[in-house]
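All figures in this text were calculated on a predicted structure; none of them were measured in a lab.
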Amino acid sequence: MKFRSFWLLCLALGTWFLYTAMVPAPKKRTSTIGFYNVENLFDTWDDPKTNDEQFLPTGDYKWTKENLGIKLDNLAKVISQMGDEDGPEILGLAEVENRDVVEMLVKNKQLKKHGYEVIHSDSPDQRGIDCAMIYKKKKFVPLYQQSYSVSFADTNPDITTRDILLVKGILEKDFELTILVNHWSSRRGGAQKSAWKRARAASRARAIVDSILKVDPLTNIVLMGDFNDEPSSPSLDKILRAGKNTQEASYSKLYNCMAKLEEDGMGSLRYKQYWDMFDQIILTYPMMLADAPLKYVDCSAGIYNPKWMRVEREGDWKDAPKRSHIRRKFYPDGYSDHFPVYVQLEY
């Protein structure tokens, strides 16, 4: 009887091993998460609540409906191809005037088929620009959104900047994901003189992350944005605590996907011959784990900069992003003064 039971067990195990060998493992899939500073995406009508006078048909930039239409076409071309042939599942945006222009963008014929939806919140920025996020409604379901101000009232109440936009939702039906879209203060007036503003934004962003991780240390958080600082800058390296190695990532230290690109001399924007890696995507520790249900694809961080987006003429500006405006003159073949950045998440 024992002998018979032994052979039945062997037969069962053999059948199981044969079945597992014949049935392929579930195929890994990826989602593209990106960020794009779209450079002064303004509408053409006057909003008394924003400082948009320059971007009117009668303003300094002679901003007409025709020019806006061309810019929307150009941006849509970029977004539809960045990351992979199907465009990003989630894309953070900076330098948009309002929700209306983002709605125009996603309704462009090149993007409409992807079914993008818009999340936007007005900021108190002096220039009248905001952060926003677009997402494929078949891929991401938003559950909650909130804007967090970065205040300078204790130093100078007249200084305002963009809010940090937080969006929490479900990616690909199964994976909870929290996005923080940032656009920190510029370096106008000098990098050192303005550093305190970015330090303030970094402290605010870190406090938001810590408050989330305190409740659940395994939360998947993606910080993205135009930080107007390099990954190696104190605001990101010391205050936000975003490191450059996946091995160094921990529950208290984040991983900056763009740090290695900076080390390699690459950048998302350029001033003459100097590259800057201001546009970045930063992740929390759980997405670094080898067995993570939602995992960062190692070395997938990229800058989308095909030849048709780059300046072709020789000189200091060669290969820089083709801008929409140079000295307030509109260039129909321009896109933005920034290249978009992206990463891949595997599940």
Side-chain angles (χ1 to χ4, degrees), residues 35-80 87 91-135 137 142 145-150 158-165 167 181-186 188 225-226 228 269 309 321-338 340:
F35 173 81
Y36 196 10
N37 181 325
V38 291
E39 189 195 11
N40 295 324
L41 184 57
F42 281 79
D43 60 31
T44 60
W45 50 89
D46 186 20
D47 182 349
K49 296 180 181 179
T50 63
N51 185 17
D52 63 353
E53 287 74 18
Q54 288 185 316
F55 285 90
L56 298 174
T58 56
D60 295 340
Y61 285 83
K62 302 293 187 291
W63 193 233
T64 64
K65 288 184 178 180
E66 180 182 5
N67 290 350
L68 173 59
I70 293 171
K71 183 173 177 74
L72 289 170
D73 283 341
N74 292 351
L75 293 176
K77 177 182 177 181
V78 174
I79 295 169
S80 67
L91 181 67
L93 299 171
E95 291 201 16
V96 300
E97 183 187 7
N98 50 41
R99 184 186 182 93
D100 290 343
V101 289
V102 187
E103 292 282 2
M104 292 181 207
L105 179 61
V106 300
K107 290 176 182 176
N108 184 277
K109 60 184 178 181
Q110 299 173 83
L111 295 181
K112 191 173 182 178
K113 63 182 179 181
H114 297 304
Y116 282 109
E117 296 286 348
V118 175
I119 293 178
H120 166 269
S121 181
D122 284 313
S123 291
D125 178 73
Q126 292 171 315
R127 291 181 55 209
I129 54 174
D130 307 321
C131 294
M133 192 186 96
I134 64 175
Y135 62 93
K137 60 184 178 183
Q145 73 174 84
Q146 185 173 343
S147 292
Y148 294 87
S149 63
V150 180
D158 294 329
I159 300 176
T160 56
T161 191
R162 282 73 60 176
D163 289 346
I164 298 172
L165 175 62
V167 180
V181 187
N182 299 258
H183 186 189
W184 295 359
S185 297
S186 75
R188 182 172 295 180
D226 174 3
N228 274 302
L269 69 158
M309 286 181 67
K322 285 184 179 179
R323 303 184 57 165
S324 294
H325 287 92
I326 301 176
R327 297 185 183 90
R328 300 183 181 179
K329 179 181 178 182
F330 179 66
Y331 285 81
D333 65 340
Y335 303 88
S336 170
D337 57 344
H338 292 243

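- Atom CE of M104 is separated from atom CZ of R99 by 12.5 Å, given to the nearest 0.5 angstrom.
- Among residues two or more places apart in sequence or in another chain, the side chain to side chain donor-acceptor pair (under 3.5 Å) test is passed with W184 by N182.
- For the ring-ring contact (aromatic ring centres under 6.0 Å, His included) test, no residue two or more places apart in sequence or in another chain qualifies with Y148.
- With sequence neighbours left out, E66 forms a salt bridge (charged side-chain N to carboxylate O under 4.0 Å, His left out) with no residue at all.
- Applying the salt bridge (Lys or Arg N to Asp or Glu O under 4.0 Å) test to residues at least two apart or on different chains, none of the pairs has a partner in residues 47-58.
- Residues Q54 and R328 share a closest heavy-atom pair of NE2-NH2, 3.3 Å.
- For K77, the side-chain contact (heavy atoms from CB on, under 4.5 Å) test picks out Q81, Q110, W308, Y335, with sequence neighbours left out.
- The shortest side-chain heavy-atom distance between L93 and V181 does not fall under the 4.5 Å cut-off.
- Atom OG of residue S186 and atom CG of residue N228 lie 6.0 Å apart, to the nearest 0.5 angstrom.
- Residues passing the side-chain contact (heavy atoms from CB on, under 4.5 Å) test with P124 are T160, D163, sequence neighbours excluded.
- Not counting sequence neighbours, the partners of N40 by the side-chain contact (heavy atoms from CB on, under 4.5 Å) test are F42, F55, E95, R127.
- Taking the side chain as every heavy atom from C-beta outward, D337 and L269 never approach each other to under 4.5 Å.
- Closest approach of D130 to D122, counting heavy atoms only: OD2-OD1, 3.3 Å.
- Rounding to the nearest 0.5 angstrom, the gap separating the CG atom in N108 from the CD1 atom in I79 is 9.0 Å.
- Considering only heavy atoms from C-beta on, Y116 stays 4.5 Å or farther from L91 through its side chain.
- Partners of K65 by salt bridge (charged side-chain N to carboxylate O under 4.0 Å, His left out), not counting sequence neighbours: none found.
- In this structure, the side chain of R323 engages the main chain of H325 through a donor-acceptor pair within 3.5 Å.
- Under the 3.5 Å distance criterion, the side-chain polar atoms of E97 are left unmatched by any main-chain donor or acceptor of T44.
- Atoms CG and CD1, on L41 and I129 in that order, are 10.5 Å from each other to the nearest 0.5 Å.
- For the side-chain contact (heavy atoms from CB on, under 4.5 Å) test, residues two or more places apart in sequence or in another chain that qualify with I159 are F152, N156, W196, K197.
- Y61 has its side chain out of reach of N67: every pair of non-hydrogen atoms, C-beta onward, lies at least 4.5 Å apart.
- Judged as a salt bridge (charged side-chain N to carboxylate O under 4.0 Å, His left out), and not counting sequence neighbours, the contacts of D125 are R162.
- A distance-only check finds a donor-acceptor pair linking the side chain of N74 to the backbone of P332 [under 3.5 Å].
- Remark: D333 pairs with K322 by the salt bridge (charged side-chain N to carboxylate O under 4.0 Å, His left out) rule, at least two apart or across chains.
- In this structure, SG in C131 is found 8.5 Å from CD1 in I164, a value given to the nearest 0.5 Å.
- In this structure, D100 CG and L105 CG are separated by 12.5 Å, a value rounded to the nearest 0.5 Å.
- Annotation: side chain to side chain donor-acceptor pair (under 3.5 Å) contacts of S147 (sequence neighbours excluded): S121.
- Counting all heavy atoms, side chain and backbone alike, G225 lies closest to F35 at C-CE2, 3.3 Å.
- E39 has its side chain within reach of K71: a pair of non-hydrogen atoms, C-beta onward, lies under 4.5 Å apart.
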Exercise for review: Check the pair Y36 / L75 against side-chain contact (heavy atoms from CB on, under 4.5 Å), numbers first and verdict last.
Suggested key: CA-CA 10 Å; Y36 196 10; L75 293 176; 3.8 Å; yes

